[in-house]
Amino acid sequence: SAKKEEGFSAVEDHSVLVGRTGTALTMLRPAGTAEFDGHRMDVVTEGAFIAQGTRIRVIRTEGRRIVVQADV
């Protein structure tokens, strides 16, 4: 069996993304796809609609959920 003590985890840790900026590849209404350093990721806003092509910033992560806002 895979154990946490041996480095196995059922949920990816995205906390290293907090503070990073990227680009909304799709309209975020509030969920969609964004790119960070050449990697496509599923993201969600706190409810705001963000247009495709907008610069965004990761404000927090909740397990696999990556929460972003427009980077102004």
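Keep in mind the model is a prediction, meaning the values are calculated, not measured. Residues: numbered from 1 along the sequence shown. Worth knowing before you read on, the calculation uses all heavy atoms, side chains too, and leaves out hydrogens, waters and symmetry mates.
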Backbone of Gly63 reached by a side-chain donor or acceptor of Thr61 within 3.5 Å = no
Rounded distance (nearest 0.5 Å) linking atom CD1 of Ile66 with atom CD1 of Ile56 = 9.0 Å
Would you list the atom pairs, donor with acceptor, under 3.5 Å between side chains in residues 22-41 and any protein atom, with sequence neighbours excluded?
unit_1, atom_1, unit_2, atom_2, d
Thr23, OG1, Arg55, NH1, 3.2
Thr26, OG1, Thr33, N, 2.9

inquiry  = Under the rule for salt bridge (Lys or Arg N to Asp or Glu O under 4.0 Å), what residues qualify as partners of Asp71, not counting sequence neighbours?
reply    = Arg57
query = Of all residues at least two apart in sequence or in a different chain, which pass the salt bridge (Lys or Arg N to Asp or Glu O under 4.0 Å) check with Glu46?
reply = Arg60
query = For Ile59, what are the other residues in its hydrophobic cluster, where any two members join if their side-chain heavy atoms are less than 4.5 angstrom apart?
reply = Val44, Val67
